[in-house]
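Worksheet: one structure, shown below.
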Amino acid sequence: MDSYDAKTIEQKWQALWETEQVFHVANEAPGDSPDEQHFYMLEMLPYPSGSLHMGHVLNYTLGDVVTHFKRRHGYKVLRPMGFDSFGLPAENAAIKDGGHPLEITERNMEAIRIQMRLMGWAIDWQREVSAHEPSYYRWTQWLFLKFFEHGLAYRKEAPVNWCPNDQTVLANEHVVDGRCWRCGFVVETRNMAQWFFKITAYADALLDDLATIDWPDRTKRIQTQWIGRSQGAELLFRVDELDIDIPVFTTRPDTLFGATFFAVAPESPLVDQLAEGMEQAEEVRSYASLSAARPTEDREQRAKTGVFTGRYATNPATGQPIPIWVADYVLMEYGTGALMAVPGHDDRDHEFAETYGLPIVSVIDEGGKLINSAQFDGVPADDAKGAIVEWLSEHGQGKPAINYRLRDWSFSRQRYWGCPIPIIYCEEHGAVPVPEDQLPVLLPEVDDYRPKGQPPLASNPDFINVPCPICGKAGRREADTMDTFVDSSWYFLRYTDPFNVQAPFDRAIADYWMPIDQYIGGIDHAKGHLLYSRFFMKALNDLGMIGVREPFQRLFHQGWVLLDGKRMSKSQGGVSPNELIDRFGADAIRIYILFYGPADQDINWSPDGIDATVRFIRRFWRVVHEAAAGPESPAAVDTPLARKAHETIARVTDDIDRRFMFNTPIAAVMELVNELSKAPDDPAARFAAETAVSVLQPWTPHVAEELWGVLGHGNERLWESPWPVADEAMLQRDTIELVLQVNGKVRDRIQVPAGLSEAELIEHARASEKVQAHLNGVERRVIVVPDKLVNIVV
RNA sequence: GCCGGGGUGGCGGAACGGGUAGACGCGCCCGGCUUAAAACCGGGUGUCCCUUCGGGACGUGGGGGUUCGAGACCCUCCCCCGGCACCA
């Protein structure tokens, strides 16, 4: 017996897998084996800003176990890999260290490919896709044009989030606590013409379809809250002097009779209109411009302020005039930018009314019924909501309405390293799409891609100055590039058909594989990537390009690998998977990262225990070799060890398949190996060894393959051998341990034959001396759980 | 403020439908092998008490409850983590 040498074994099998491309799956010709079971396994693709860290190792090893498990159940498994290769980190690295983003990106990609091969992950490398390659982004541009054509991508001037450090606009999803999610700088609001995807058109679909997918509740909740659907009403408040009706959104139409003033956001275009011609016009305008300029971040911290415009609106319920104020607690971006203020039933309105001495009227009593509300007095508030809206709607002053928190996705970025937006601006024709046959619009070389507030592409005249596709007169290309989240919103579709030069993907092929059966990635993408991709899918479905409406049928979030309490990242360094592979071997690392605990739980990184994993593999190696030296196990051998082996098959299978547990199967195999080492002469020893090797294979594909050969299966390939099936009969026990309790306390444990009647079990219980010692008193009751326990209550 | 997740030995965790708490592993202790160490092998290891063979009490963040029986269910409090947040 040779001693276990991870490096030699791992190199040997990795070389074979690569040479024979064993993890490649081909697309069937249309009509071929339509009944074949297939499975699309995907983990979120890496961002090549450095090499992989232990968080990736966890992510991709999880996917790898599922891949092997499904393959060995006869599924045709698509498990591709690619790179989210456009984006700021590569560009920032290039600016910092010199060099070109392309060079840095491709260098990192190559390092990651090498790491992935060293880990032994079962990836179909023939389908590799990278966002920055023209063969890919050509289709990102093409999809953008389709969206543009159908009004799903549009350009408008709007207040957007500006990161002063990265010198670019950010989507709402990437502003965290008022700061840039990448660099942590406080985000400013700027008015800029920007490109948006009309994700709000799908707000309801994005909410409703959550019911159709198997996702963690937590993630669904994050998306639900982010979309923020509120049911309420739109009510009109008339300003007679100006002959206008101002709409407001409210979720509490039942409190309308208590609306004692009206408030408008400082940024609202109404401010000018209201102030015009009033004696306090100057005061109002300067208040509005001052408070609008305040960073949103501290707006909520301060005491509420406001100024009276001198105008009045009519409360549609009471017919009374109520003063119109401009107030900084009114948000332009929510509802209509104006609100009816009900100080009696809203804390914020109350605070404002106290500050400025405005009337406070209570319209709901302690019993939840309306008061001071004319004909609605006595109506329960919940019923009054509908009743009041209905009453108003008869006069055209209100209607039911739904409001969302979700905003359209702003995706233009004033940076270099991204997908160019295929639009040409013409004085006469406006934003003109680049004709399809001229795609891709290649990202040109530029000398200086440092952020200067102006997009770097703007300073490249050869790129910018092009004729208008419609009239041929001088035009200008769009100089912004796309958010990288556009690239990653459809990459999983390209994997299905990566070489297509006619279309981003063939619908029949994509329909065959989609939706993704199992997606694995970090929960940090809950309201970004995972929402954007769902939007893309729905839009593509509506455009007739794909047959499904949800991209990720089942979703799992791996936990974070923490180093000193912080998430591992590439920049942080510290733990290099390469070094660990070199010292301990990939199989040991794979087991180590999955044995730590449940996969959705965070891991506090510590190298303690890696030694133990290597020790286990060595022990496994030795015990299997010993069993291999012994005789073949008879076909239907029935010994305690054989039963343990069957039980292990059942446990491992159930743990992966039903429970998505990856740590407990390792423990189950360890138990089997422990028993095997204690019973080397058991006739089932060889069978037990084969079982252990076979079910551990998804975790340790290299050493398992090697040991499969040692056990005499050298002509087979374990990675494509059927998953073992436990014999039900062998899972039945003929004796069981009966727990004997008195008053719910365990007093004895005895071995009895399985399947005894209640009376027989009670008889056994009474016969126990240890039970008898505690039976001092009147027996009141006996509880029997068949084949499990007897509890005598005295 | 609103919504949600979690708290089990010295440590990571197991216990899946209310039925043996602590599987498996780390660490530690004892022993074997060895000139020695490493490696490896065997045994022990929740806390406390009965000097013992054996046995007993307590024990899953605190308190209370339901139940023959609670880590699991209910109420309440404490602590940690996440999402949303002047969202009308």
Side-chain angles (χ1 to χ4, degrees), chain A residues 3 176-177 216-230 232 235 248-253 255 259 263 265 296 299-304 327-331 333-342 345-349 351-352 403-406 523-524 526-527 591-592 595-598 600-604 606 608-613 615-616 618-619 622 651 654-655 658-659 661 663-674 677-678 737-749 770 773-774 780-785 787-794:
Chain A
S3 63
V176 178
D177 296 332
D217 287 342
R218 197 168 143 215
T219 317
K220 290 188 178 182
R221 206 174 307 113
I222 292 172
Q223 292 206 345
T224 303
Q225 286 183 150
W226 185 252
I227 295 167
R229 178 184 155 119
S230 308
L235 309 181
V248 299
F249 175 77
T250 179
T251 53
R252 297 294 307 276
T255 63
T296 42
R299 205 157 138 173
E300 67 198 70
Q301 318 287 349
R302 298 204 209 164
K304 297 170 181 36
D328 59 0
Y329 77 97
V330 184
L331 302 174
E333 56 287 4
Y334 189 77
T336 62
L339 57 82
M340 67 177 214
V342 185
H345 302 281
D346 182 280
D347 290 346
R348 298 151 299 173
D349 297 344
E351 184 190 329
F352 192 85
N403 198 58
Y404 300 91
R405 199 190 160 284
L406 182 70
I523 196 169
D524 51 334
K527 65 183 194 206
I591 286 204
Y592 178 69
F595 185 58
Y596 196 93
D600 56 358
Q601 198 174 291
D602 293 353
I603 293 174
N604 282 303
S606 142
D608 300 347
I610 302 187
D611 283 336
T613 338
R615 205 179 307 153
F616 166 69
R618 280 204 209 105
R619 184 170 143 82
R622 194 185 62 244
R651 278 172 68 184
D654 186 56
D655 278 355
R658 184 176 61 85
R659 304 178 66 203
M661 299 276 281
N663 53 333
T664 45
I666 300 170
V669 174
M670 285 173 169
E671 282 182 43
L672 178 60
V673 172
N674 287 345
S677 75
K678 282 175 195 155
E737 189 180 65
L738 185 69
V739 174
L740 305 179
Q741 296 182 334
V742 177
N743 290 335
K745 296 201 178 202
V746 179
R747 293 304 175 186
D748 201 0
R749 290 155 204 202
K770 289 175 188 166
H774 291 89
R780 280 179 37 220
R781 208 174 151 186
V782 182
I783 312 280
V784 178
V785 182
D787 282 351
K788 216 156 213 174
L789 105 174
V790 175
N791 183 15
I792 300 173
V793 187
V794 296

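A, B, ... follow the sequence lines: proteins, then strands. Residue 1 opens every chain. The model shown is predicted, which means the values in this text are computed figures rather than measured ones.
If you take atom C1' in B:rC30 and the same atom in B:rC48, they sit 23 Å apart, rounded to whole Å. Separation of the C1' atoms belonging to B:rG7 and B:rU51 is 39 Å when rounded to the nearest angstrom. B:rC41 and B:rC33 have their C1' atoms separated by 8 Å, given to the nearest Å. Rounded to whole Å, the P atom of B:rG12 lies 32 Å from the corresponding atom of B:rC2. Taking the C1' atom of each, B:rG54 and B:rU60 are spaced 28 Å apart, rounded to whole Å. Spacing between B:rU67 and B:rC84 at atom C1', rounded to whole Å, works out to 39 Å. The P atoms of B:rG63 and B:rC26 are separated by 34 Å, rounded to the nearest whole Å. With both ends at atom C1', the span from B:rG82 to B:rC24 equals 30 Å, rounded to whole Å.
Remark: A:R651 is not in phosphate contact with B:rC24, judged by side-chain N or O atoms under 4.0 Å from OP1 or OP2. Between B:rU20 and A:R747, no contact under 4.0 Å exists linking OP1 or OP2 to a side-chain N or O. For A:H345 and B:rA88, the shortest distance from a side-chain N or O to OP1 or OP2 is not below 4.0 Å. A sub-4.0 Å separation between OP1 or OP2 of B:rA88 and a side-chain N or O of A:Y334 is present. Here A:R221 does not reach the OP1 or OP2 of B:rC3: none of its side-chain N or O atoms lies under 4.0 Å away.
As a whole-Å value, the separation of A:I610 CD1 from B:rG12 P is 17 Å. Between the CZ atom of A:R615 and the P atom of B:rA38 there is a distance of 12 Å, given to the nearest Å. Atom pair A:N791:CG and B:rU67:C1' shows a separation of 11 Å (rounding to whole Å applied). Between A:E351 atom CD and B:rA88 atom P there is a gap of 17 Å when expressed in whole angstrom units. Nucleotide B:rG82 holds its C1' atom 18 Å from the NZ atom of A:K220, rounded to whole Å. Rounding to whole angstrom units, CZ of residue A:R618 and P of B:rC41 are separated by 10 Å. The distance between atom CG of A:L406 and atom P of B:rG83, rounded to the nearest whole Å, is 18 Å. The CD-P distance, from A:E333 to B:rC84, rounds to 15 Å in whole Å.
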- Note on the structure: Given Watson-Crick and G-U pairs under 3.5 Å, RNA chain B in dot-bracket ([ ] crossing, | other strand) is (((((((..(((......[....)))((((((.......))))))(((((...)))))..(((((..]....))))))))))))....

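Of the two residues near RNA chain B, A:T251 and A:K527, the one whose nearest nucleotide lies more 5' is A:K527. If you find the closest nucleotide of RNA chain B to A:Q225 and to A:D654, the one lying nearer the 5' end belongs to A:D654.
Side-chain atoms of A:L789 lie closest to B:rG19 of the nucleotides B:rG19, B:rC3, B:rA14. Across B:rG19, B:rG25, B:rA88, the shortest atom-to-atom separation from the side chain of A:A612 is found for B:rG25. You'll find that the side chain of A:K788 is closest to B:rG19, out of B:rG19, B:rC3, B:rA23. The A:K745 side chain lies nearest to B:rC58 when the options are B:rC58, B:rC87, B:rC84. Nearest nucleotide to the A:N663 side chain, out of B:rA21, B:rA14, B:rC24: B:rA14. With B:rC16, B:rG19, B:rU20 as the candidates, the nucleotide lying closest to the side chain of A:I783 is B:rG19. When distances are taken from the side chain of A:R218 to each of B:rC40, B:rG82, B:rG56, the shortest belongs to B:rG82. Among the nucleotides B:rC87, B:rG19, B:rG82, the one closest to any side-chain atom of A:V785 is B:rG19. When distances are taken from the side chain of A:R619 to each of B:rC41, B:rG56, B:rC68, the shortest belongs to B:rC41. Nearest nucleotide to the A:R749 side chain, out of B:rA21, B:rC86, B:rC16: B:rA21.
No N or O donor and acceptor, one from the side chain of A:Q741 and one from the base of B:rU20, sit under 3.5 Å apart.
Inter-residue side-chain proximity for A:Y596 and A:N663 is flagged as unmet; no heavy-atom pair is nearer than 4.5 Å.
Relative ring orientation between A:F249 and A:Y334 is described as perpendicular, the plane-to-plane angle rising above 60° on a 0-90° scale split at 30° and 60°.
Distance check: A:Q741 CD to A:I783 CD1 gives 10.0 Å after rounding to the nearest 0.5 Å.
Within a 6.0 Å sphere centred on CZ of A:R619, other residues, nucleotides and ligands contribute more than 12 heavy atoms.
As judged by a 4.0 angstrom heavy-atom cut-off over every strand, A:F595 is placed among the base-contacting residues. Residue A:N674 is in sugar-phosphate contact alone, with no base atom involved, counting any heavy-atom pair closer than 4.0 Å across all strands shown.
A donor-acceptor pair shorter than 3.5 Å can be found between the side chains of A:Y329 and A:D349. Checked by atom type, the side-chain pair A:N791/A:R781 shows no donor-acceptor distance below 3.5 Å.
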- Please walk me through it: do A:K220 and A:Q223 pass side chain to side chain contact (heavy atoms under 4.5 Å, CB included)? CA-CA 5 Å; A:K220 290 188 178 182; A:Q223 292 206 345; 5.9 Å; no

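In this structure, B:rG4 shows a glycosidic angle more than 90 degrees from zero, which is the anti conformation.
Every residue was checked against the side chain to side chain donor-acceptor pair (under 3.5 Å) condition with A:R615, not counting sequence neighbours, and none meets it.
Pairing each heavy atom of A:T251 with each of A:S230, the nearest pair is CG2-CB, 3.8 Å.
Checking side-chain atoms of A:N743 against main-chain N and O of A:V794 turns up a donor-acceptor pair under 3.5 Å.
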